[in-house]
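What follows is one structure encoded as C-alpha coordinates, with my remarks underneath.
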Amino acid sequence: MTNPMDTDPPAGHSNLRRVRLIVWAIVLIALLALAFFWLRPVVSTSGEVTQRADPGSSNFQLGGPFTLTGADGKPFSSASLAGTPYVMFFGFTHCPDVCPNTLARLVRLRQQLGKGETPFQIVFVTVDPERDTPEAVGSYAKLFNSPIIGLTGTRAQIDQVAKQHAIYEAKVPDASAPDGYTMDHGAAALLFGRDGKFVATIAQEEGDEAAIAKLKRITA
(Lines give C-alpha, C1' and ligand atoms only; values in the text may rest on other atoms or scores of the structure.)
Protein backbone atom coordinates (compact mmCIF):
# COMPACT_ATOMS: atom_id res chain seq x y z
CA MET A 1 0.00 0.00 0.00
CA THR A 2 1.37 3.37 -0.95
CA ASN A 3 1.91 5.95 1.77
CA PRO A 4 0.24 9.24 0.75
CA MET A 5 3.25 11.14 2.13
CA ASP A 6 5.52 9.35 -0.36
CA THR A 7 3.44 10.31 -3.31
CA ASP A 8 4.91 12.96 -5.62
CA PRO A 9 2.99 16.26 -5.54
CA PRO A 10 0.66 16.81 -8.45
CA ALA A 11 2.27 18.53 -11.45
CA GLY A 12 0.05 21.61 -10.90
CA HIS A 13 1.41 22.14 -7.38
CA SER A 14 4.98 21.79 -8.57
CA ASN A 15 4.46 24.41 -11.26
CA LEU A 16 2.80 26.76 -8.79
CA ARG A 17 5.76 26.43 -6.42
CA ARG A 18 8.19 27.14 -9.25
CA VAL A 19 6.22 30.25 -10.24
CA ARG A 20 6.24 31.50 -6.64
CA LEU A 21 10.01 31.05 -6.41
CA ILE A 22 10.52 32.97 -9.65
CA VAL A 23 8.25 35.80 -8.44
CA TRP A 24 10.08 36.06 -5.12
CA ALA A 25 13.44 36.07 -6.93
CA ILE A 26 12.25 38.93 -9.17
CA VAL A 27 10.99 40.87 -6.16
CA LEU A 28 14.30 40.37 -4.32
CA ILE A 29 16.35 41.50 -7.32
CA ALA A 30 14.13 44.55 -7.75
CA LEU A 31 14.51 45.51 -4.07
CA LEU A 32 18.30 45.12 -4.23
CA ALA A 33 18.47 47.25 -7.36
CA LEU A 34 16.26 49.90 -5.78
CA ALA A 35 18.35 49.97 -2.60
CA PHE A 36 21.56 50.34 -4.60
CA PHE A 37 20.11 53.21 -6.62
CA TRP A 38 18.90 55.25 -3.66
CA LEU A 39 21.76 54.54 -1.27
CA ARG A 40 24.62 55.05 -3.68
CA PRO A 41 26.73 58.18 -3.10
CA VAL A 42 26.08 61.15 -5.36
CA VAL A 43 29.03 63.09 -6.71
CA SER A 44 28.40 66.81 -7.04
CA THR A 45 29.81 68.97 -9.79
CA SER A 46 32.46 70.18 -7.35
CA GLY A 47 33.74 66.67 -6.93
CA GLU A 48 32.51 66.35 -3.36
CA VAL A 49 30.66 63.21 -2.43
CA THR A 50 27.32 63.73 -0.72
CA GLN A 51 24.43 61.47 0.13
CA ARG A 52 21.16 61.40 -1.72
CA ALA A 53 18.59 63.00 0.52
CA ASP A 54 15.25 62.45 -1.06
CA PRO A 55 14.74 58.98 -2.46
CA GLY A 56 11.58 60.22 -4.07
CA SER A 57 13.37 62.46 -6.54
CA SER A 58 16.34 61.66 -8.75
CA ASN A 59 16.75 65.39 -9.46
CA PHE A 60 17.13 66.36 -5.82
CA GLN A 61 19.39 69.38 -5.25
CA LEU A 62 20.67 70.04 -1.76
CA GLY A 63 19.51 73.38 -0.33
CA GLY A 64 16.96 75.78 -1.74
CA PRO A 65 14.94 78.80 -0.63
CA PHE A 66 13.57 78.83 2.89
CA THR A 67 12.05 81.15 5.45
CA LEU A 68 12.56 80.64 9.18
CA THR A 69 12.49 82.88 12.23
CA GLY A 70 15.49 84.91 13.31
CA ALA A 71 16.67 85.64 16.83
CA ASP A 72 14.70 88.90 16.70
CA GLY A 73 11.48 86.98 16.19
CA LYS A 74 11.09 88.21 12.61
CA PRO A 75 10.99 86.10 9.46
CA PHE A 76 14.40 85.31 8.05
CA SER A 77 14.52 84.53 4.36
CA SER A 78 17.39 82.71 2.67
CA ALA A 79 17.23 85.53 0.10
CA SER A 80 19.03 87.70 2.65
CA LEU A 81 22.08 85.45 2.18
CA ALA A 82 22.26 86.12 -1.56
CA GLY A 83 25.76 87.03 -2.68
CA THR A 84 27.29 85.83 0.60
CA PRO A 85 29.06 82.51 1.15
CA TYR A 86 27.71 80.74 4.18
CA VAL A 87 28.08 77.60 6.26
CA MET A 88 24.91 76.03 7.61
CA PHE A 89 24.84 73.78 10.64
CA PHE A 90 21.84 72.06 12.20
CA GLY A 91 21.84 71.42 15.95
CA PHE A 92 20.13 72.39 19.18
CA THR A 93 21.01 74.55 22.15
CA HIS A 94 20.76 71.72 24.69
CA CYS A 95 23.35 69.72 22.74
CA PRO A 96 26.13 68.81 25.20
CA ASP A 97 29.08 68.51 22.83
CA VAL A 98 28.77 68.19 19.05
CA CYS A 99 26.89 71.45 18.47
CA PRO A 100 29.00 73.77 20.63
CA ASN A 101 32.19 72.10 19.43
CA THR A 102 31.20 72.45 15.78
CA LEU A 103 30.15 76.09 16.06
CA ALA A 104 33.31 76.95 18.01
CA ARG A 105 35.38 75.22 15.34
CA LEU A 106 33.64 77.10 12.53
CA VAL A 107 34.35 80.39 14.32
CA ARG A 108 38.00 79.41 14.73
CA LEU A 109 38.35 78.33 11.10
CA ARG A 110 36.76 81.60 9.98
CA GLN A 111 39.35 83.52 11.97
CA GLN A 112 42.18 81.35 10.61
CA LEU A 113 41.00 82.01 7.08
CA GLY A 114 42.41 85.51 7.45
CA LYS A 115 39.81 87.28 5.33
CA GLY A 116 38.28 89.61 7.87
CA GLU A 117 35.62 89.06 10.51
CA THR A 118 32.93 87.54 8.33
CA PRO A 119 34.26 86.22 4.99
CA PHE A 120 31.33 83.82 5.25
CA GLN A 121 28.26 83.66 7.43
CA ILE A 122 27.68 80.90 9.93
CA VAL A 123 24.01 79.88 10.04
CA PHE A 124 22.81 77.81 12.96
CA VAL A 125 19.41 76.15 12.50
CA THR A 126 17.87 74.43 15.49
CA VAL A 127 16.28 71.02 15.11
CA ASP A 128 14.57 71.50 18.48
CA PRO A 129 12.13 74.37 17.92
CA GLU A 130 9.94 73.26 20.83
CA ARG A 131 12.63 74.51 23.23
CA ASP A 132 14.73 76.75 21.03
CA THR A 133 12.74 79.94 20.79
CA PRO A 134 14.08 82.95 18.86
CA GLU A 135 15.46 84.29 22.13
CA ALA A 136 17.12 80.96 22.92
CA VAL A 137 18.91 80.63 19.56
CA GLY A 138 19.93 84.28 19.77
CA SER A 139 21.43 83.91 23.23
CA TYR A 140 23.12 80.68 22.21
CA ALA A 141 24.71 82.25 19.14
CA LYS A 142 26.17 85.05 21.26
CA LEU A 143 28.07 82.55 23.40
CA PHE A 144 30.64 82.14 20.62
CA ASN A 145 31.66 85.82 20.57
CA SER A 146 31.49 85.96 16.79
CA PRO A 147 28.63 86.63 14.38
CA ILE A 148 26.38 83.59 14.05
CA ILE A 149 22.88 83.70 12.58
CA GLY A 150 20.58 81.69 14.85
CA LEU A 151 17.35 80.44 13.31
CA THR A 152 14.29 78.60 14.53
CA GLY A 153 10.74 78.09 13.28
CA THR A 154 7.74 75.87 13.59
CA ARG A 155 8.26 72.12 13.66
CA ALA A 156 6.91 71.91 10.11
CA GLN A 157 9.29 74.62 8.91
CA ILE A 158 12.31 73.01 10.55
CA ASP A 159 11.42 69.59 9.16
CA GLN A 160 11.08 71.04 5.67
CA VAL A 161 14.40 72.90 5.78
CA ALA A 162 16.19 69.88 7.25
CA LYS A 163 14.80 67.75 4.44
CA GLN A 164 15.92 70.31 1.86
CA HIS A 165 19.43 70.05 3.26
CA ALA A 166 19.51 66.27 3.68
CA ILE A 167 19.82 66.55 7.46
CA TYR A 168 18.60 63.68 9.58
CA GLU A 169 16.83 64.75 12.78
CA ALA A 170 14.86 62.82 15.36
CA LYS A 171 13.59 63.37 18.89
CA VAL A 172 14.91 60.64 21.18
CA PRO A 173 13.64 59.90 24.71
CA ASP A 174 16.42 60.26 27.28
CA ALA A 175 15.52 60.25 30.96
CA SER A 176 18.90 61.76 31.86
CA ALA A 177 18.50 64.73 29.50
CA PRO A 178 16.68 67.98 30.24
CA ASP A 179 12.92 67.61 29.65
CA GLY A 180 13.42 63.86 29.17
CA TYR A 181 14.64 63.91 25.58
CA THR A 182 17.51 64.74 23.31
CA MET A 183 17.83 65.24 19.56
CA ASP A 184 19.68 63.08 17.06
CA HIS A 185 20.79 64.99 13.98
CA GLY A 186 23.26 65.10 11.14
CA ALA A 187 26.49 66.77 12.23
CA ALA A 188 28.05 67.84 8.94
CA ALA A 189 28.46 71.54 8.21
CA LEU A 190 27.13 72.46 4.76
CA LEU A 191 29.06 74.97 2.66
CA PHE A 192 27.33 77.23 0.13
CA GLY A 193 28.86 79.62 -2.36
CA ARG A 194 27.86 83.18 -3.20
CA ASP A 195 25.29 81.85 -5.66
CA GLY A 196 23.57 79.93 -2.87
CA LYS A 197 24.52 76.59 -4.35
CA PHE A 198 25.84 73.75 -2.26
CA VAL A 199 29.60 73.24 -2.61
CA ALA A 200 30.83 70.78 0.00
CA THR A 201 30.58 69.55 3.57
CA ILE A 202 32.91 69.71 6.54
CA ALA A 203 32.69 66.53 8.57
CA GLN A 204 33.48 66.18 12.24
CA GLU A 205 36.48 63.97 11.63
CA GLU A 206 37.87 66.09 8.82
CA GLY A 207 41.16 67.88 9.41
CA ASP A 208 41.42 71.67 9.60
CA GLU A 209 43.66 71.89 6.54
CA ALA A 210 41.08 70.25 4.30
CA ALA A 211 38.30 72.29 5.89
CA ILE A 212 40.08 75.59 5.30
CA ALA A 213 40.76 74.62 1.68
CA LYS A 214 37.01 74.24 1.20
CA LEU A 215 36.29 77.52 2.96
CA LYS A 216 38.78 79.26 0.68
CA ARG A 217 36.89 77.86 -2.26
CA ILE A 218 33.54 79.35 -1.24
CA THR A 219 35.11 82.71 -0.32
CA ALA A 220 37.33 83.09 -3.40
Pairing of Arg108 and Asp208 as salt bridge, 4.0 angstrom limit: yes
hydrophobic_cluster_shared for Leu143 and Val107, side chain cutoff 4.5 Å: yes
Expected output: side-chain His94 to main-chain Thr182 donor-acceptor under 3.5 Å: no
Audit row: Cys99, Phe90, side chain to side chain contact (heavy atoms under 4.5 Å, CB included) steps and yes/no: CA-CA 8 Å; Cys99 302; Phe90 290 76; over 6 Å; no
Where Pro134 and Gly70 come nearest, the two heavy atoms and their spacing: CB-O, 3.3 Å
Trace of the side chain to side chain contact (heavy atoms under 4.5 Å, CB included) decision for His165 with Leu62: CA-CA 5 Å; His165 293 81; Leu62 194 145; 4.2 Å; yes
N/O donor-acceptor pair under 3.5 Å between Arg155 side chain and Val127 backbone: yes
Note, Ile122 side chain near Ile149 side chain (heavy atom, < 4.5 Å): no
Short side-chain to backbone donor-acceptor contact, Ser77 and Ser80, under 3.5 Å: no
Cation-pi check, Arg131 onto Phe92 ring (under 6.0 Å, within 45° of axis): no
Carboxylate-amine/guanidinium contact Lys171 Glu130, below 4.0 Å: no
Pairwise side-chain contact, Leu215 with Leu191, heavy-atom cut-off 4.5 Å (strictly under): yes
Side chains of Phe192 and Tyr86 in contact at under 4.5 Å (non-hydrogen atoms): yes
Gap between atom CD of Glu209 and atom CG of Leu109 - 0.5 Å precision: 12.0 Å
Side-chain (Asp174) to main-chain (Ser176) donor-acceptor, under 3.5 angstrom: yes
Distance (rounded to the nearest 0.5 Å) between Ser78 OG and Met88 CE: 7.5 Å
Heavy-atom closest pair, residues Arg110 and Pro119: CG-CD, 3.6 Å
Residue pair Leu106, Phe144: steps toward the side chain to side chain contact (heavy atoms under 4.5 Å, CB included) verdict: CA-CA 10 Å; Leu106 290 174; Phe144 300 90; over 6 Å; no
Within-4.5 Å side-chain heavy-atom neighbours: Val123 and Leu81: yes
Val172 side chain near Met183 side chain, heavy-atom distance below 4.5 Å: no
Short side-chain to backbone donor-acceptor contact, Gln204 and Ala187, under 3.5 Å: yes
Side-chain heavy atoms of Lys216 within contact of Leu113, under 4.5 Å: yes
From Thr102, Val137, Val87, residue fulfilling side chain to side chain contact (heavy atoms under 4.5 Å, CB included) relative to Phe124: Val137
Min side-chain heavy-atom separation Val125-Ile158 under 4.5 Å: yes
Main-chain N/O of Gln121 paired with Thr118 side-chain donor or acceptor, under 3.5 Å: no
Distance, nearest 0.5 Å, that separates CZ of Phe89 from OG1 of Thr126: 10.5 Å
Closest non-hydrogen atom pair, Glu117 against Pro147: OE2-CD, 3.8 Å
Min side-chain heavy-atom separation Gln112-Ile212 under 4.5 Å: yes
Asp132 side-chain N/O to Thr93 backbone N/O, donor-acceptor pair under 3.5 Å: yes
Tyr168 vs Asp184, side chain to side chain contact (heavy atoms under 4.5 Å, CB included): CA-CA, chis, key distance, verdict: CA-CA 8 Å; Tyr168 166 78; Asp184 280 354; 3.7 Å; yes
Donor-acceptor under 3.5 Å (Gln164 side chain, Gly64 main chain): yes
Side chain Thr152, main chain Thr133, donor-acceptor under 3.5 Å: no
Nearest non-hydrogen partners of Ala188 and Ile167, listed with the distance: O-CD1, 4.5 Å
Trace of the salt bridge (charged side-chain N to carboxylate O under 4.0 Å, His left out) decision for Glu206 with Lys214: CA-CA 11 Å; Glu206 195 168 357; Lys214 293 177 180 179; 2.7 Å; yes
Nearest non-hydrogen partners of Val199 and Gly193, listed with the distance: CG2-N, 3.7 Å
